[in-house]
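Here is the structure we will look at, set down as structure tokens.
Just follow the structure's listing: the first ligand is 1, and inside any ligand the first atom is 1. A quick note: this is a predicted structure, and the numbers were derived from the prediction, not measured.
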Amino acid sequence: MRITVTVDGTSYTDDVEPRTLLVHHLREKLGKTGTVVGCDTSNCGACTVHLNGQSVKSCSVLAVQADGGEVTTVEGLARDGQLHPVQQAFRDNHALQCGFCTPGMIMQSIDLLADNPNPDEEAVREGLEGNLCRCTGYQNIVRAVRDAAGHMRPGAGPEAEQVAGGERTTTGVGGDS
Ligand code: FES
Ligand code: FES
């Protein structure tokens with residue numbers, strides 16, 4: 001089947017098999033390897049991207065379901081050489097160890113902040129409960145999301161606007177570590 005998907009602002013038209021998963025289309029056909037596969041069974045959230053403004057686990061979506069749609073990956077977040085505020089907050093708060101979960105964590109965090117611009121710790125953990133960190137670095141991830149929230153609220157600075165148009169996601173950090 002021929003599909004056209006806009007990914008990180010660029011339109012791509014490709015022939016795909018009906019069974020091709022969106023994550024495989026992104027990685028193998030479009031070279032968007034910033035989106036990773038951690039489980040392939042919809043459990044880990046490492047493959048989270050935004051599809052038409054909603055966060056989705058791209059291993060649970062067929063590429064054909066994205067036809068005509070817009071996908072944002074972690075590779076499409078930076079603007080004019082500036083990291084997205086959530087990316088910057090993850091960096092500032094050492095919210096990654098091996099970094100494998102980080103793309104999905106960041107995409108999900110942006111989504112949860114679009115829904116709740118001022119989440120408390122519990123809300124962050126709940127919002128990220130579908131994203132797993134095998135390094136168990138949850139404490140700093142939660143700290144980073146709350147830090148990002150402070151930078152993204154209206155009046156917080158130019159980066160606030162970058163997020164305002166933001167998208168949304170689906171899951172969260174339920175761990176305790
Ligand atoms: S690779 Fe998609 S949820 Fe784990
Ligand atoms: S930083 Fe290693 S899986 Fe999260």
Between Tyr12 and Thr4 (side chain of the first, backbone of the second, donor and acceptor by atom type, cut-off under 3.5 Å), is there such a pair?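 Flag not set: sc Tyr12 to bb Thr4 has no pair under 3.5 Å.
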Indicate yes or no for a side-chain donor-acceptor contact from Gln82 to the backbone of Arg79 under 3.5 Å, with no hydrogens or angles considered.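 Between the backbone of Arg79 and the side chain of Gln82 there is no qualifying donor-acceptor contact (under 3.5 Å).
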How does Cys39 reach ligand 1, if at all, at less than 4.0 Å between non-hydrogen atoms: by side chain, backbone, both, or neither? both
Which segment of Thr41 sits under 4.0 Å of ligand 1 when only heavy atoms are counted: neither
Atoms of ligand 1, numbered as shown, that sit under 4.0 Å from any heavy atom of [X]:
X	answer
Cys59	1 (S), 2 (Fe), 3 (S)
Gly38	1 (S)
Asn43	3 (S)
Cys47	1 (S), 2 (Fe), 3 (S)
Ser42	3 (S)

How far apart are the C-alpha atoms of Thr102 and Gln87, what are their side-chain angles, what is the distance that settles it, and do they pass the side-chain contact (heavy atoms from CB on, under 4.5 Å) test? CA-CA 9 Å; Thr102 308; Gln87 292 176 303; over 6 Å; no
Under 4.5 Å between side-chain heavy atoms, counting indirect links through other Ile/Leu/Val/Met/Phe/Trp/Tyr residues: same cluster for [X] and [Y] or not?
X	Y	result
Val56	Ile3	yes
Leu30	Val23	yes
Phe100	Ile106	no

Is it the case that the side chains of Asn93 and Asp147 hold a donor-acceptor pair, with the cut-off being a distance below 3.5 Å and no angle test? yes
Considering the options Leu51, Val5, Thr6, Val7, which one meets the side chain to side chain contact (heavy atoms under 4.5 Å, CB included) requirement together with Glu70?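 Only one option passes, and that is Thr6.
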I need the single residue from Leu83, Asp8, Thr72 that forms a side chain to side chain contact (heavy atoms under 4.5 Å, CB included) with Leu77. Which is it? Thr72
For atom 3 (S) of ligand 1, what's the nearest protein heavy atom and its distance?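 Sorting protein heavy atoms by distance from atom 3 (S) of ligand 1 puts Gly45 N, 3.1 Å first.
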What residue among Asp14, Asp67, Asp15, Thr13 forms side-chain hydrogen bond (donor to acceptor under 3.5 Å, both in side chains) with Arg2?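 Result: among Asp14, Asp67, Asp15, Thr13, Asp15 is the only option passing the side-chain hydrogen bond (donor to acceptor under 3.5 Å, both in side chains) with Arg2.
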Around atom 2 (Fe) of ligand 2, number of protein N/O/S atoms which are nearer than 2.8 Å: 2
Is it true that some N/O/S atom of Cys44, main chain or side chain, lies under 2.8 Å from atom 2 (Fe) of ligand 1? no
